[in-house]
Protein chains: 2
Amino acid sequence: MTIKEIAEMANVSSATVSKILNGKDQYISEATRQRVLEIVEREGYISNAIAKSLKTKSTSTLGIIIPDVMNLFFSELARGIEDAAEGMGYSVILCNSDNKTSKEEKYIQVLQEKMVDGIILTASEQSVSNSLKRRNMPMVLLDRDILIEGNVGRIVVDNKKGAYDATKYLIEKGCNNIGFISSDNVVKSSGERLKGYKQALTESNMEVDENKIYLHNYSIDTGYEGVKKLLENNKLDGISCGNDLIAIGAIKALNEMKIKIPEEVKVIGFDDIQISQYVEPPLTTIKQPIYEMGEEAVKMLISIIENKSVGETKVLKTTLVERRSC
Amino acid sequence: MTIKEIAEMANVSSATVSKILNGKDQYISEATRQRVLEIVEREGYISNAIAKSLKTKSTSTLGIIIPDVMNLFFSELARGIEDAAEGMGYSVILCNSDNKTSKEEKYIQVLQEKMVDGIILTASEQSVSNSLKRRNMPMVLLDRDILIEGNVGRIVVDNKKGAYDATKYLIEKGCNNIGFISSDNVVKSSGERLKGYKQALTESNMEVDENKIYLHNYSIDTGYEGVKKLLENNKLDGISCGNDLIAIGAIKALNEMKIKIPEEVKVIGFDDIQISQYVEPPLTTIKQPIYEMGEEAVKMLISIIENKSVGETKVLKTTLVERRSC
DNA sequence: ATTACTTAGGTAATCGTTTACCTTTATCAT
DNA sequence: ATGATAAAGGTAAACGATTACCTAAGTAAT
């Protein structure tokens, strides 16, 4: 069922049908309009967006590349993105990069072939500018900032301040031996969080002890292993974690070791993913406005697409949410 | 940069370039092939999949409609789907229905306009056949079975047996007073799980007591509330939960009430979502092969698309995984 | 009566591929 | 020398919309 067939049934030209369907009907009589619309309805006509896209050079589709939707942080990001996109008339193609530059590059290629109007990229750990051959594709970098040339937007939080606040909070709560468990990946945010931790210690005249730092990746297992390793040689009374998954792993290990939280050791996370309020004890953490970050990314991307803005950097605020783990 | 421009540079026709790019080059000399390929590479030509789709009537894109990616069950499903799709050369458009028939219908319309090759639908709670106007679109129903006419595939598990096994296990572990907390939604699987619970009781000559059943929805809060409500009037020593989220909420409530798990009350879940192994105590549950269900859905859908099979129903097996909550 | 504008709609090129069908030249068996 | 076949590549229609530009009739002002 095409526009041409509808046109024949209504005894008008396909141009007329197209105009009516797109609301460009100021020079179409109401009678004709009604007649066409009725036929469209009766025949269950569904317009062919592919043909439309070919002509108009716009697909109303966005590509989103994240490491892994199964990770609660990214699934919330994805949800924020999809909701905002849907609200603005866009669909989203979902891509999981598994933090692999190779998959990321492949997806960028595919998304360009599919003529998405723009791409939201949560960069993989090793991605560098030159691996991203983009042909002037509107793009916003979300959560993870990387070096990249050209007109790209950025939505980030102040990771250093967040980690600083977390550690400072632990100090205020009376901790004297604070460990840090996080990821050793090379994305900027990871480094910033480590810096924030160190700065908080230094400012309070505590020494930075590399033996109290365990870096691996952003997973529950890292938190679990980190606690086991760190407590072999140290007496910690506070642990600042690079993200909530790590904190959850840390809590699990501490629970198993019958170490009381928060009485003996206080634990603080980063992100405030959905599940964090449900662990035992509920996790005190540095909240990122994850869902909103997704929304903001879409808004910025669409404004770049529609040429209303040039890529800028938007820094969203983190907040400390107090629960029972401290 | 189009195929025509490449053709001009190489002094061949666009047909030749197209043939080379699509591997239909049995009658193209190696010299020409190389020359064209080099130009394609040098100019960074990216093919226009939209134009291709218009001609070939296939987009290599699948639509997936799930209630909510932020729900761990569905995010794992989504991941399985995306991985399998990517492996078979397809992209996926992600849609969150929030269990609303209205959103679901809207997405189905959009997906058809975008000419996806097929749709994987995890149906919303109220969706019924006639609300789904589809124009002969290949489709597979995933996880939730609904009545629908036409040629659709189905990937499900035996929910009744799963819930039966769970409850039976509790009985074997010595429980005499087993409650059931689940969702009251109208999808078939919810009813099946309730039936499985009841059947296990009946078979063991235990009476089904409606006061020990709390039905609301598949959320952590339901588990939490359910325990509070059920323990007001009952002395339970076992709780069979409609899914893991509910079980996690139940465990949280029990922990707060200082009731020992599994000594005083045993808890069993359903699904085996990722997080379940990390709660305290780790959750014993009926494992659904979630990721594989996503994969299987893609395989079945693509085989329907390629006309290699007609819609059939595939029932995957659940297994009981023992952890410390029982 | 002429000009100008508005209303209502039609014509046909165009977007970038794919592909059925055609042409030309070379090779080869008879 | 002839016909058949293979090799190499070209021509142009088609996919289904959109849209710049055109036409024609009616109306209104001068």
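Because only heavy atoms are used, hydrogens play no part in the values below, and waters and symmetry mates are left out as well, while side chains stay in.
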Using a 4.0 Å cut-off on protein heavy atoms (strictly under), produce a 5'-to-3' string for nucleotides 8-19 of chain D with B for base contact, S for backbone-only sugar-phosphate contact, and - for none. BSBB--BBBBBB
Please check this pair: side chain of A:T56 against backbone of A:K52, looking for a donor-acceptor N/O pair closer than 3.5 Å. yes
Test A:K299 against A:E296 for salt bridge (charged side-chain N to carboxylate O under 4.0 Å, His left out), laying out the working first. CA-CA 5 Å; A:K299 284 185 202 164; A:E296 290 297 330; 3.7 Å; yes
Just wondering, more than 12 heavy atoms not from B:K103 lying within 6.0 Å of its NZ? yes
Donor-acceptor check, side chain of B:R144 to backbone of B:V156, threshold 3.5 angstrom: yes or no? no
When rounded to the nearest 0.5 angstrom, what is the spacing between CD1 in A:I81 and CZ in A:F74? 10.5 Å
